[in-house]
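The next block holds one structure in the form of structure tokens; read it before the comments.
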Protein chains: 2
Amino acid sequence: MSNTFWNDPIVQSNMKTGATIQDIAAAAGVSKSTVSLVLQHSPKIKAETAEKVREAARALGYVYNRGAANLRGGRSTTIGMVINDLTNPFFVELLVAIERVLAQSGYTTLMAHTAESVATQTRVLQSMREQNVAGLIMSPALGTPDDMPSEIASWGIPLVLAMRPMGPDVDTVGVDNNVGFALATEHLIQQGHTRIAFVGNRAGYAVANERRQGYLSAMARHDLAVADEWIVDVELTPEGGRKAVRAIFDMKHRPTAAVCYNDQVAIGVLHELDRMGKRAGKALAVVGCDNVVAAEHTNPPLTTLSAGAERLGAKASEILLNRIASLPSVSGPPIQYLVKPSLVVRESSIGIPTRAPKAFAQ
Amino acid sequence: MSNTFWNDPIVQSNMKTGATIQDIAAAAGVSKSTVSLVLQHSPKIKAETAEKVREAARALGYVYNRGAANLRGGRSTTIGMVINDLTNPFFVELLVAIERVLAQSGYTTLMAHTAESVATQTRVLQSMREQNVAGLIMSPALGTPDDMPSEIASWGIPLVLAMRPMGPDVDTVGVDNNVGFALATEHLIQQGHTRIAFVGNRAGYAVANERRQGYLSAMARHDLAVADEWIVDVELTPEGGRKAVRAIFDMKHRPTAAVCYNDQVAIGVLHELDRMGKRAGKALAVVGCDNVVAAEHTNPPLTTLSAGAERLGAKASEILLNRIASLPSVSGPPIQYLVKPSLVVRESSIGIPTRAPKAFAQ
DNA sequence: CTGAAAGCGCTTACAG
DNA sequence: CTGAAAGCGCTTACAG
């Protein structure tokens, strides 16, 4: 086991297996029941007894075994979080916000990343179910089957969707994409643009449809025609954004502005413009969506829609915790919490440095 | 419970509490023991019996209760991951890599974020201990007390540190910062620079010391003097990088190049240069560290040190899984897996666009 | 090849 | 205010 030729890494190899409430009971001269109640801060136990028990627990280096408690009590204090894309900083900000709120409420977060794979997502959900999670927050992978929410419901596990709605019967936290993208488009129109592209089309996916629709409705409202080629179908990545710029500069009736699906795409757009020796805001006005932290530090800084990952994450946690608290009954109608985004105007859409970025509320 | 004024969200409120192995045993006409063995794919059970049991399990919609199994079996299949800073994409890439490897090995990842708070970290570790994690991977918060690793060892939980070493007795996965920053500095010297700044000094922290030391050793090796003010002490954030640029352009003997603590800082440097109407690579050659995905899409693209978050994460998981497998004994000497970073050269350090970035191995 | 029994560490009625 | 007893869902020797 130990070897004379090296120093073992500091791992306590033959620990006495941890103390249990049984050991505490013996040490304190009371019963297991009493120890358990003390640990739960029950008012039923006399203060002196409680103190004696706590003292014994301390002396024995006792560690509460939450798994055992959950098994016996029929509860669970872990919550599963399933994220489709952690390479997008927006989802990381969301994750951090959720983890913080849940931790404050005494819950532990099981984290899983699907990388937009439905197969991975299925596996991960199965695993979380076996881990007996008390609830799930999920940003579903693209292509998730429509019946996934009701399948999860049949497991008896409350579910809150984040950012990607799947119908009115599922608790959801997200963004009013239609309103947001109309706002972004209006901003560009107000800057005098009439030929405006939409970059990052993904026909068939709800969120993409809403965003495109918001853009189209603003264009229509101002009687601005939209050429087919202006709806640029590229991947929702920086690389997609770069490709879109090349496409745009090949068009005969070239747009002078572009609304991007999200900041990831917009960052690619900014990058390709720079590589071509062009300046965003001059050669092409650019607007993104999500207001990731990095959007403040792009060159030039990126104008973008903001809904507040922090707030959305907190709301998702709150809804889920309420559902869990009311089990086994259901505490009210399905909740669709949709934030109307505001526009954070920076240089990428207006061509001159703004020293004090203004947030225009919708 | 149900209300006539709204459609309840689809949450199964009065689920029959899930089937257990007991139920399966009854349905299949065998004992609990047999069911348990079938579930573990034991070769001791006859194929026909196993099939009959599996059939019954399927019919009852049985879900394995991993918590109960772990309690009885004295094992644990969850691993805790404690990350100091998820706003830095490098750590996200690391997290994703680790989570993927652990999931493949049948482990579930408990995730926690400390935001560099030692107090939060202490709380989080306590919670993971109560959750009975089988092991811990941790990127410790700045200012973590030196005895934290031995404290965790005394709990009997294997620990692997990531990116931030805490002495030779603790299993660690990380980067040879000294070698890396010497390499980065040499690169700038080869470009003809003689006045080179180091941006992002944090005296007293091991990693910062190593990085500064690597820079200083390269300068010394080429007999280049280093003015005190060139060691720029700023926060390790984009904002810190911006501040550093302002400081540098106020110096009388102004440096013409800067080695940055990490990509986050470098991105701030690039940004402030742009705001001042200057071009990185021309006005100031810039090198970062981490090779985050975004470094490829900055304007101009960022030259940076790369150690491969993917590889580091995989290695950390592998080391931890080996330690767990060998418990309660210790499988060998402490492991210090230090990657020698390579330099990915892009435009920010050379002033002209590189179409095909080359990676110079150390 | 399969079953009966004990027990992982805790909580929760139920008595007293 | 405290204790004895049952049991959460599983695994693991031990018999047969």
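Quick note on labels: first sequence line is chain A, next is B, and so on, each numbered from 1. Just the heavy atoms: all of them, side chains too, but no hydrogens, waters or symmetry mates, feed the values below.
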Would you say A:Ser36 places a side-chain N or O within less than 4.0 Å of OP1 or OP2 belonging to C:dT11? yes
For B:Ile335, does its backbone N or O pair with a side-chain atom of B:Asp171 as donor and acceptor, under 3.5 Å? yes
Which base sits across from D:dA4 as a Watson-Crick or G-U pair, both distances under 3.5 Å? none
Testing the 3.5 Å rule here: is there a donor-acceptor pair between the side chains of A:Thr34 and A:Ser31? yes
Take the protein atom CG of A:Leu71 and the nucleotide atom P of D:dC8, then report the distance between them rounded to whole Å. 9 Å
Is it the case that A:Ser139 and A:Asn84 place a side-chain donor and acceptor less than 3.5 Å from each other? yes
What is the distance, to the nearest angstrom, from the NZ atom on A:Lys44 to the P atom on C:dT11? 13 Å
Take atom CG of A:Leu39 and atom P of C:dT12, then tell me their distance rounded to the nearest Å. 12 Å
Between P of D:dC10 and CD1 of B:Ile24, the distance in whole Å: 7 Å
Could you state the atom-to-atom distance from NZ of B:Lys32 to C1' of C:dC8 in whole Å? 12 Å
Say whether, by atom type as modelled, one donor and one acceptor occur between the side chain of A:Ser317 and the main chain of A:Gly313 under 3.5 angstrom. yes
Does a side-chain N or O of B:Arg75 approach OP1 or OP2 of D:dT12 to a distance below 4.0 Å, or not? yes
Decide whether A:Gln131 and A:Thr78 meet the rule of one side-chain donor and one side-chain acceptor closer than 3.5 Å. no
Please determine whether a side-chain nitrogen or oxygen atom of B:Thr49 lies at a distance below 4.0 Å from atom OP1 or OP2 of C:dT2. yes
Nearest listed nucleotide, side chain of B:Tyr64, among C:dT12, D:dT11, C:dC1: D:dT11
Kindly say if B:Gln40 contacts the phosphate of D:dT12, meaning a side-chain N or O under 4.0 Å from OP1 or OP2. yes
Give a yes/no on whether any side-chain N or O of B:Ser31 is located under 4.0 angstrom from OP1 or OP2 of C:dT2. no
Would you say the side-chain atoms of A:Arg323 pair up with the backbone N or O of A:Gly332, donor to acceptor, closer than 3.5 Å? yes
If the cut-off is 4.0 Å, is B:Gln22 near the phosphate of D:dC8, judged by side-chain N/O to OP1 or OP2? no
Would you indicate, yes or no, if D:dG3 has its OP1 or OP2 atom less than 4.0 angstrom from a side-chain nitrogen or oxygen of A:Ser33? no
For B:Val30 and A:Asn70, take the nucleotide of DNA chain C holding the closest heavy atom to each; which residue's nucleotide lies nearer the 5' end? B:Val30
Integer-rounded Å distance: C:dA15 P and A:Leu37 CG: 17 Å
Rounded off to whole Å, could you give me the CD1-to-C1' distance for the B:Ile21 and C:dT2 pair? 14 Å
Residue mapping more 5' on DNA chain C - nearest nucleotide basis, A:Asn65 or B:Arg72: B:Arg72
Partner of C:dA13 under the Watson-Crick or G-U wobble criteria, both distances under 3.5 Å, comes out as none
For a quick test of reading the model: is some side-chain N or O of B:Thr20 closer than 4.0 Å to OP1 or OP2 of D:dG9? no
Rounded off to whole Å, could you give me the CD1-to-P distance for the A:Ile45 and C:dT12 pair? 13 Å
Which part of the nucleic acid, if any, lies within contact of A:Lys46, taking any heavy atom under 4.0 Å across all strands shown: a base, the sugar-phosphate backbone alone, or nothing? sugar-phosphate
